[in-house]
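Single-structure report; data block below.
Atoms considered below: every heavy atom in the structure, side chains included; atoms not considered: hydrogens, waters and symmetry mates. Bear in mind the structure is a predicted one, so any value in this text is a computation, not a measurement.
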Amino acid sequence: MAWTKVAERADIERGSPLAVEVAGEEIALYWLDGEPFATSNICSHAFARLSEGFLDGGCIECPIHQAQFDIRTGAAVAGPADTPIRTYPCRVTGESVEIDI
Ligand code: FES
């Protein structure tokens with residue numbers, strides 16, 4: 001595990017989820033209440049990229065069947081998904097966003 005720069009802070013401060021690939025893993029980055037968050041970018045229900053979904057408060061809505069996941073914990077909070085998604089420790093260092101992967 002190591003902190004790895006994945007984006008510039010300005011890239012996610014606009015509020016839209018951002019897709020990045022790190023060490024072969026697809027990850028979605030979010031900005032919420034002045035903090036960065038990172039989750040798997042792949043829905044746990046079927047194959048869909050959550051970065052193409054809709055961020056509503058602290059929840060990302062899958063663009064395919066509208067399952068919702070809490071970006072802070074990865075918990076599935078609305079079906080049809082019932083399996084959580086992975087989350088990653090995330091921090092801002094200067095103008096960089098880093099995740100621990
Ligand atoms: S693929 Fe995400 S809810 Fe079905």
Side-chain angles (χ1 to χ4, degrees):
M1 303 223 321
W3 288 102
T4 303
K5 179 181 177 180
V6 292
E8 296 292 335
R9 175 181 172 142
D11 293 339
I12 64 170
E13 274 184 330
R14 288 185 286 271
S16 298
L18 179 70
V20 297
E21 190 169 325
V22 183
E25 298 199 38
E26 294 195 48
I27 294 169
L29 301 174
Y30 317 88
W31 188 258
L32 179 68
D33 296 335
E35 284 186 72
F37 293 89
T39 71
S40 167
N41 196 19
I42 306 302
C43 183
S44 64
H45 178 241
F47 188 84
R49 288 190 172 87
L50 297 172
S51 60
E52 296 170 7
F54 176 66
L55 183 63
D56 183 15
C59 291
I60 184 70
E61 183 180 271
C62 177
I64 303 297
H65 305 114
Q66 287 75 52
Q68 293 183 16
F69 301 91
D70 188 320
I71 64 170
R72 295 158 289 206
T73 64
V77 296
D82 56 12
T83 302
I85 54 172
R86 184 175 176 186
T87 60
Y88 301 84
C90 194
R91 71 182 184 188
V92 170
T93 301
E95 295 304 312
S96 300
V97 177
E98 300 175 337
I99 66 170
D100 191 6
I101 189 167

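- Interatomic distance, I71 CD1 to T87 OG1, rounded to the nearest 0.5 Å: 10.5 Å.
- Atom CG of residue L50 and atom CG of residue N41 lie 6.0 Å apart, to the nearest 0.5 angstrom.
- Counting only residues at least two apart or on different chains, no side chain to side chain donor-acceptor pair (under 3.5 Å) pair has a member in residues 73-83.
- Note on I101 and V97: same hydrophobic cluster, where clusters join Ile, Leu, Val, Met, Phe, Trp and Tyr whose side-chain heavy atoms are under 4.5 Å apart, directly or indirectly.
- Note on Y88: it clusters hydrophobically with L18, by side-chain heavy-atom contacts below 4.5 Å among ILVMFWY residues.
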* Between R9 and W31, is a side-chain contact (heavy atoms from CB on, under 4.5 Å) present by the stated rule, with each step listed? -> CA-CA 9 Å; R9 175 181 172 142; W31 188 258; 4.0 Å; yes
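- V20 is not connected to Y30 by any chain of hydrophobic side-chain contacts under 4.5 Å among Ile, Leu, Val, Met, Phe, Trp and Tyr, and they are in different clusters.
- Once rounded to the nearest 0.5 Å, the distance linking CG of L55 with CZ of F37 reads 10.5 Å.
- The two residues P80 and H65 come nearest to each other via the heavy atoms CD-O, 3.4 Å.
- Here E98 contributes atom CD and K5 contributes atom NZ; the two are 8.5 Å apart, rounded to the nearest 0.5 Å.
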* May I have the step-by-step check of side-chain contact (heavy atoms from CB on, under 4.5 Å) for I27 and V6, ending in yes or no? => CA-CA 9 Å; I27 294 169; V6 292; 5.9 Å; no
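- Atom CD of residue E61 and atom CD of residue Q66 lie 5.0 Å apart, to the nearest 0.5 angstrom.
- Of all heavy-atom pairs spanning W3 and P89, the tightest one is CZ3-O, 3.6 Å.
- Rounding to the nearest 0.5 Å places CZ of R49 at 5.0 Å from CD1 of I42.
- The two residues G53 and I60 make their nearest non-hydrogen contact at C-CD1, 4.0 Å.
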* To do: Evaluate the side-chain contact (heavy atoms from CB on, under 4.5 Å) criterion for residues C43 and I64: first the C-alpha distance (whole Å), next the side-chain angles of each, then the deciding distance (0.1 Å), finally the verdict.
  => CA-CA 9 Å; C43 183; I64 303 297; over 6 Å; no
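- The shortest non-hydrogen separation linking A75 to P84 is CA-CB, 4.1 Å.
- In this structure E52 satisfies the side chain to side chain donor-acceptor pair (under 3.5 Å) test with no other residue, sequence neighbours excluded.
- The closest donor-acceptor contact from the side chain of D70 to the backbone of C59 lies at 3.5 Å or more, if one exists at all.
- Take E95 and apply the salt bridge (charged side-chain N to carboxylate O under 4.0 Å, His left out) test, not counting sequence neighbours, and it matches no residue.
- Each of P17, P36, C90 was scored for a side-chain contact (heavy atoms from CB on, under 4.5 Å) with I12, with one residue passing: P36.
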* Check step by step if side-chain contact (heavy atoms from CB on, under 4.5 Å) holds for L32 and R72. => CA-CA 9 Å; L32 179 68; R72 295 158 289 206; 4.0 Å; yes
